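Below is one structure; the comments refer to it alone.
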Protein chains: 2
Amino acid sequence: MNKPVTIKDIAKKFKCSPSTVSRALNNHPSINEDTRRNLQEYAQKVGYQRNQVSLSLLNKKTATIGVIVPTINNYHESAIIEGIESGLQPLGYTLNICVTNEQYLLESEYVEKLLSNRVEGVFLSISQETYDSGHYEHLEQIKKRSIPLIFIDREYEGFATGSVTIDDYHGAFKAVEHLIKTGRKRIAHLKGPNGMAVAEERLRGYIECLKKHDLPVDEDLILNTNFKVESAIEPVTKLMNLPELPDAIFGVNDQVAIGAMKVIRDKGLNIPGDIAVAGFDNAPISAYIHPSLTSVARPGRQIGIEAAKIFTDYLQSSEALPSRNIVLPSELIVRESTAG
Amino acid sequence: MNKPVTIKDIAKKFKCSPSTVSRALNNHPSINEDTRRNLQEYAQKVGYQRNQVSLSLLNKKTATIGVIVPTINNYHESAIIEGIESGLQPLGYTLNICVTNEQYLLESEYVEKLLSNRVEGVFLSISQETYDSGHYEHLEQIKKRSIPLIFIDREYEGFATGSVTIDDYHGAFKAVEHLIKTGRKRIAHLKGPNGMAVAEERLRGYIECLKKHDLPVDEDLILNTNFKVESAIEPVTKLMNLPELPDAIFGVNDQVAIGAMKVIRDKGLNIPGDIAVAGFDNAPISAYIHPSLTSVARPGRQIGIEAAKIFTDYLQSSEALPSRNIVLPSELIVRESTAG
DNA sequence: ATACTACCTGCAAACGTTTGAAATTTTTTG
DNA sequence: CAAAAAATTTCAAACGTTTGCAGGTAGTAT
């Protein structure tokens, strides 16, 4: 790795002090016009690049923020990251992305590392294992240093500078209510992992909606998945073997809904004729598959943008702001898979 | 933002020198056992975190690498990033992710910034605009500093420490050959943007395969898309209005193939009965839609892992390695959408 | 008591940059 | 030409950490 040219190198070459070089390159007014031009031209020629590391040390500002997410390989999560990026890129921030794979250990190591790297903010979508374990000491560390911590999608009370989530409860409620209003009476739910906030909220929306409409909540119709398309196959196959079939399935996301559709079709049943299907996320593909999938829209990009906004507002205000918790509305997009 | 505790702070508290504290915390053998324990306990108590920035300055090692990609919000790209992450995380590297949105200007700014941040390597998937413009000065900068530069998916001769791509040409060739062997004679292609390597290679595979089998290459059957599902609608609609319909469509990726399927169905035609459809990427969803989509698998995660490997090998070897260009094979996954 | 060793700790420099204040040079003014 | 003013440059410290070397203090052997 070639040694990068430093200000000192240039100073030596020009027999002047580093201060002069620094000022010349920064267009400081108290530098002679000729000197400035010469130095700038030379710097340009030798490809001088200011060492941001030393600057960070000096200014105690790294212009870097950390983003910790369970996964990145998924429409919703990556949309969030693009949202954050688009919000912070104009301000010159760099994103340090960390993927926890839902593991507590990695999450906590990443927090250490980011703090050690002196990031100016942390955007965190808590991992499943962290939820399960109930360990939040790593977040204490962030709080102690009073670095802005913004929760994304998955919240945890009491630590945050802010959070951006969507209204999972009402989103699920609306989806199930739509199924009921189009005549469905025996609605199954493919739920997400236990203890995960978004999954629990959607489950709650499903249950409360059934109750509101005086429909029984049948444990046999509530089945586990892990958000992945494959994980829908086995539970839905089980559903298809019940003595009395459901007439609708509400999936915790589009992936499992699409998995469900496959099993239903393979069973020779018609969607939505025999069984209606609805999902959650409104992934772009959902509008194009057949039948197109009814889904609750979840504005990932918007979530990222709002989170970035919380961060920048926090920076700009001198005094401590109260925690700002934004809940974006979720919208039901009705398509063929639930047509009356 | 609370000032982080420094080694100096601890030294002052214990009336000893920073050197002693540093050595104690690093378990240097020449430090008295008691001193060491006391200092470590205290450091732990006050939540000391080594300042990685100052260390980076001292060692000229940042343990950070830059990743520049056109987008992140897409199954293939994000799989690559997860692959890179999984390969470099165990070595303690942090990823700086930059999204160019296919813009030359952003790409070039990001390169500046990463170099300024003294990243130890750059993983780059060249943006469309950069291809179009033919400007590669920003890459010169990386080369001049002899920082490892690894191309991903989209290559450019003459700059790289290495590259990882897949065999787009043969992938496309195999897909089209499969269509021909199952009796298709009038095969349309939904191509990607002009000048983009992966798109051009697939187009070439399509054309060469037709030629090999003595089928005419009909310009009317080659249509533009931008990889997004929506962008398939208009061109495929046009196809459906031709006096003589195609009997197969090969899409530059799964997204446009799925878009095509929708238009075909809306036209009342049968897949694969009337028109067969094949895509490229083998996104997980493709196995579950109806009919399931024949597609060329593109191992995104593997690409990322191989790229990480090139980087680490480069670091470990003292002398200059020759550029290492890995071309991963692409595999055709046959499904219902092209059933004979 | 002296010299030797072993053990522990401190000094100072280094990484690259910026910046207030001081020093130097140049220009202007009387 | 001298003095004051203006313009330009340099000095030195700072950010937090590590590390080779020198210095110091005991303990031990002679």
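Below, chain A is the first sequence line, B the second, and so on; all start at residue 1. Everything quoted here is computed from the prediction, not taken from an experiment.
- Shown here are the salt bridge (Lys or Arg N to Asp or Glu O under 4.0 Å) partners of B:Glu102, two or more places apart in sequence or in another chain: B:Arg154.
- The ring-ring contact (aromatic ring centres under 6.0 Å, His included) pairs that include a residue from residues 6-57 of chain B are B:Phe14-B:Tyr42, where partners are two or more places apart or lie in different chains.
- Along DNA chain C, the stretch of nucleotides lying under 4.0 Å from any heavy atom of chain B spans, 5' to 3', C:dC8 to C:dG16.
- Identified under the salt bridge (charged side-chain N to carboxylate O under 4.0 Å, His left out) test for residues 125-139 of chain A, with sequence neighbours left out: none.
- Among the heavy atoms of the strands lying under 4.0 Å from B:Leu58 is at least one base atom, whether or not backbone atoms are also near.
- When the side-chain contact (heavy atoms from CB on, under 4.5 Å) test is applied to B:Asn325, the partners found at least two apart in sequence or on another chain are B:Glu155, B:Ser163, B:Ser323.
- Residue pairs that meet the ring-ring contact (aromatic ring centres under 6.0 Å, His included) test with at least one member in residues 79-110 of chain A, sequence neighbours left out, are A:Tyr93-A:Phe311, A:Tyr104-A:His135, A:Tyr104-A:His138.
- Computed from coordinates, the B:Lys8 NZ to D:dT18 P distance equals 13 Å when rounded to whole Å.
- Sorted by first then second residue, the ring-ring contact (aromatic ring centres under 6.0 Å, His included) pairs that include residues 57-76 of chain A, not counting sequence neighbours, number zero.
- Between the side chains of A:Ser19 and A:Ser22, no donor-acceptor pair of N or O atoms lies under 3.5 Å.
- For the contact set between residues 45-54 of chain B and DNA chain C, defined by any heavy atom under 4.0 Å, there are no members.
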Indicate every side-chain donor-acceptor pair of residues 299-309 of chain B with a distance under 3.5 Å to a residue at least two apart or in another chain.
from, atom 1, to, atom 2, distance (Å)
B:Gln302, NE2, B:Glu306, OE2, 3.2

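- Using a 4.5 Å cut-off on side-chain heavy atoms (C-beta onward), A:Asn117 and A:Thr64 make no contact.
- Near DNA chain C, meaning a heavy atom under 4.0 Å from it, residues 17-31 of chain A has A:Ser19, A:Ser22, A:Arg23, A:Asn26 in order of number.
- The terminal axes of the helix from C:dA1-D:dT30 to C:dG30-D:dC1, fitted over 5 pairs per end, subtend an angle of 70° to the nearest 10°.
- Of all the residues in residues 33-42 of chain B, not one reaches under 4.0 Å from DNA chain D with any non-hydrogen atom.
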